[in-house]
Amino acid sequence: MSQKIVLMFLLLAMVGTTMVQGQGTRVGFYATTCRRAESIVRATVQSHFTSDSSIAPGLLRMHFHDCFVNGCDASILIDGANTEKTAGPNLLLRGYDVIADAKTQLEAECPGVVSCADILALAARDSVVLANGLTWSVPTGRRDGRVSLASDTSNLPGFTDSVDVQKQKFAAFGLNAQDLVTLVGGHTIGTTACQFFRYRLYNFTTTGNGADPSINPSFVSQLQTLCPQNGDGSRRIALDTGSQNRFDSSFFSNLRSGQGILESDQKLWTDATTRTFVQRFLGVRGLAGLTFGAEFGRSMVKMSNIGVKTGTNGEIRRVCSAIN
């Protein structure tokens with residue numbers, strides 16, 4: 001093997017390591033300082049999941065919403081007036097009690113060592129696994145942020161965003177179009193409220209049945225039954241029809257069939273620039289296939305290293321809901 005080829009392999013290996021380890025984070029960060037850290041988080045999530053499986057998508061969403069606002073620093077967990085958790089997009093987030101429970105146990109085991117930001121990253125991974133998804137190694141070593149402002153949440157993707165806007169928001173954090181489609185695929189578990197998509201079912205257009213034409217016509221009546229025009233806007237509906245509790249690729253099958261619930265989700269199919277990735281997850285002939293479970297882990301590692309605080313930046317909170 002020539003020196004050039006050897007050098008190329010070494011460079012590729014270095015790039016891969018950088019992507020996995022991120023900005024000062026690394027897999028096994030607590031191996032000597034808090035050996036049981038990951039197993040404590042895993043057991044805590046498992047305990048809560050056993051009594052309420054909807055906690056899995058809740059924790060996954062919370063990690064996503066945390067990372068897209070000032071980086072993955074657990075600022076979403078801070079209580080107080082005008083903090084991130086009081087902002088509109090975050091009002092329905094769930095799982096705060098799971099993180100608090102894990103933190104209490106970790107403080108008893110290793111006081112002042114494990115950050116809330118790392119607990120949240122680990123809990124998101126463990127939630128996917130409990131929902132029958134593939135696991136991945138989570139780099140740890142994040143520190144917790146001290147700033148949490150509701151006004152900073154404008155970076156969060158919205159349910160009416162065009163694909164161009166979605167791509168811009170993801171690109172701002174170093175995430176590409178494949179990462180976008182992959183991470184939105186996390187909607188394979190969990191639910192949303194009628195209030196976030198009901199407008200697509202009534203008076204969306206002035207022709208036909210009045211519904212968003214990107215919705216499969218046979219699916220419109222089903223959704224209208226679930227979400228009547230003047231019905232309860234808080235009623236919860238599965239984001240992945242027929243598979244809301246299982247982490248799999250059926251979400252993408254539903255997009256292909258015109259059964260995406262959120263407008264922003266369905267646009268991943270109607271927009272040609274993202275449809276190819278959906279097709280690759282579905283194994284469409286003639287395209288290089290992608291394995292959703294494996295790619296989700298890779299994209300989660302990239303996302304979980306957005307704007308992390310390490311070293312002397314940030315702090316290790318003793319209580320996740322309050323700055324030290």
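Screening H63, R142, R125 for a side-chain hydrogen bond (donor to acceptor under 3.5 Å, both in side chains) with S304, the sole residue that qualifies is R142.
Heavy atoms only, all atoms of each residue included: L120 and L59 are closest at CD1-O, 4.2 Å. Taking every heavy atom of both residues into account, R198 and D232 meet most closely at NH1-C, 4.0 Å. Closest approach of I189 and P57 over heavy atoms only: O-CB, 3.7 Å. The two atoms that bring S214 and R200 nearest to each other are OG-NH2, 3.2 Å, heavy atoms only. The two residues V301 and P139 come nearest to each other via the heavy atoms CG1-CG, 4.0 Å. In this structure, S249 and L282 approach most closely via the heavy-atom pair O-CD2, 4.3 Å.
Checking side-chain atoms of S250 against main-chain N and O of S253 turns up no donor-acceptor pair under 3.5 Å. A distance-only check finds a donor-acceptor pair linking the side chain of S51 to the backbone of H48 [under 3.5 Å]. The backbone N or O of N254 lies less than 3.5 Å from no partner atom in the side chain of Q259, so there is not a single donor-acceptor pair. Side chain of R235 to main chain of A193: no donor-acceptor pair is present (N/O by atom type, distance under 3.5 Å, no hydrogens or angles). A donor-acceptor contact shorter than 3.5 Å is absent between the side chain of S47 and the backbone of A43. Of the possible donor and acceptor atoms, none in the side chain of D144 sits under 3.5 Å from a partner among the backbone N and O of A74. For Y30 (side chain) and R35 (main-chain N/O), no donor-acceptor pair under 3.5 Å exists by modelled atom type. Using a distance-only test at 3.5 Å, with no hydrogens or angles considered, no donor-acceptor pair links the side chain of Q166 to the main chain of P157. Looking at T83, its side chain does come within 3.5 Å of a backbone N or O of I78 through a donor-acceptor pair. The closest donor-acceptor contact from the side chain of E107 to the backbone of G112 lies under 3.5 Å.
Residues I261 and Y202 share a hydrophobic cluster, clusters being chains of Ile/Leu/Val/Met/Phe/Trp/Tyr side chains in contact below 4.5 Å. Under the 4.5 Å side-chain contact rule for hydrophobic residues, F173 and F170 share a cluster. Side-chain heavy atoms closer than 4.5 Å link hydrophobic residues (I, L, V, M, F, W, Y) into clusters, and following such links, possibly through other members, connects V113 to I99. Residues F204 and I215 are members of one and the same hydrophobic cluster, defined by side-chain heavy-atom contacts under 4.5 angstrom among Ile, Leu, Val, Met, Phe, Trp and Tyr. In the hydrophobic clustering of ILVMFWY residues, with side-chain heavy atoms under 4.5 Å counting as a link, I316 and F29 come out apart.
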Output, in order, the C-alpha distance, side-chain angles, deciding distance and verdict of side-chain contact (heavy atoms from CB on, under 4.5 Å) for N305 and C72.
CA-CA 7 Å; N305 274 316; C72 309; over 6 Å; no
Applying salt bridge (charged side-chain N to carboxylate O under 4.0 Å, His left out) to D52 and R94, what does each step give before you reach the verdict?
CA-CA 11 Å; D52 179 9; R94 302 178 59 248; 2.7 Å; yes
Full working for side-chain contact (heavy atoms from CB on, under 4.5 Å) between R275 and R256:
CA-CA 9 Å; R275 184 190 306 129; R256 179 173 57 184; over 6 Å; no
CA sep, side-chain torsions, deciding dist, call: V27, T140, side-chain contact (heavy atoms from CB on, under 4.5 Å)
CA-CA 6 Å; V27 174; T140 44; over 6 Å; no
Side chain to side chain donor-acceptor pair (under 3.5 Å) between T153 and N90, worked out:
CA-CA 9 Å; T153 60; N90 295 330; 5.4 Å; no
Using side-chain contact (heavy atoms from CB on, under 4.5 Å), reason through Q105 and T44 one step at a time and then give a plain yes or no.
CA-CA 9 Å; Q105 295 180 56; T44 304; 3.1 Å; yes
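With rounding to the nearest 0.5 Å, the separation of CG in L180 from CG in N176 is 9.0 Å. Taken to the nearest 0.5 Å, the CG atom of L93 stands 9.5 Å off from the CZ atom of R61. Atom CG of residue L60 and atom CD1 of residue I55 lie 12.0 Å apart, to the nearest 0.5 angstrom. Taking CD1 from I237 and SG from C227, the interatomic distance works out to 4.0 Å, rounded to the nearest 0.5 Å. Separation of atoms CD1 (I76) and SG (C116) is listed at 13.0 Å; rounding is to 0.5 Å. Atoms CG and CG, from N155 and N70 in turn, are 8.0 Å apart once rounded to the nearest 0.5 Å.
More than 12 heavy atoms of other residues, nucleotides or ligands sit less than 6.0 Å from atom CG of D97.
Ring centroid separation for the pair F277 and F281 does not come in under the 6.0 Å cut-off. A centroid separation of less than 6.0 Å is found between the aromatic rings of F292 and F252.
No side-chain heavy atom of V138 sits less than 4.5 Å from a side-chain heavy atom of E38. With contacts defined as side-chain heavy-atom distances shorter than 4.5 Å, the pair F49/S127 does not qualify. A heavy-atom distance below 4.5 Å is not found between the side chains of Q244 and L239. Between F247 and L134 the shortest side-chain heavy-atom distance does not fall below 4.5 Å. Counting heavy atoms from C-beta outward, D212 and L201 have side chains that stay 4.5 Å or more apart. A heavy-atom distance below 4.5 Å is found between the side chains of M300 and L183. With contacts defined as side-chain heavy-atom distances shorter than 4.5 Å, the pair L223/F197 qualifies. In this structure, Q46 and D126 have side chains that are not in contact, with every pair of non-hydrogen atoms separated by 4.5 Å or more.
Counting only N and O atoms by type, the side chains of Y199 and E263 include a donor and acceptor under 3.5 Å apart. Under 3.5 Å, the side chains of K267 and T274 contain no donor-acceptor pair of N or O atoms. Side-chain contact of D164 with Q168: a donor-acceptor pair under 3.5 Å is absent, judged by distance alone. Side chain to side chain, S75 and E84 meet the donor-acceptor criterion of an N or O pair below 3.5 Å.
Remark: K85 pairs with D79 by the salt bridge (charged side-chain N to carboxylate O under 4.0 Å, His left out) rule, at least two apart or across chains.
Taking 4.0 Å as the cut-off between side-chain N and carboxylate O, K302 and D179 count as a salt-bridged pair. A salt bridge links K169 to D161: at least one charged side-chain nitrogen sits closer than 4.0 Å to a carboxylate oxygen.
Applying the side-chain hydrogen bond (donor to acceptor under 3.5 Å, both in side chains) test to every pair with at least one member in residues 180-195, sequence neighbours left out, gives these pairs: H187-D265, T188-D240, T188-D248, T191-R236. Sorted by first and then second residue, the side-chain hydrogen bond (donor to acceptor under 3.5 Å, both in side chains) pairs with a member in residues 311-324 read R146-E315; sequence neighbours excluded.
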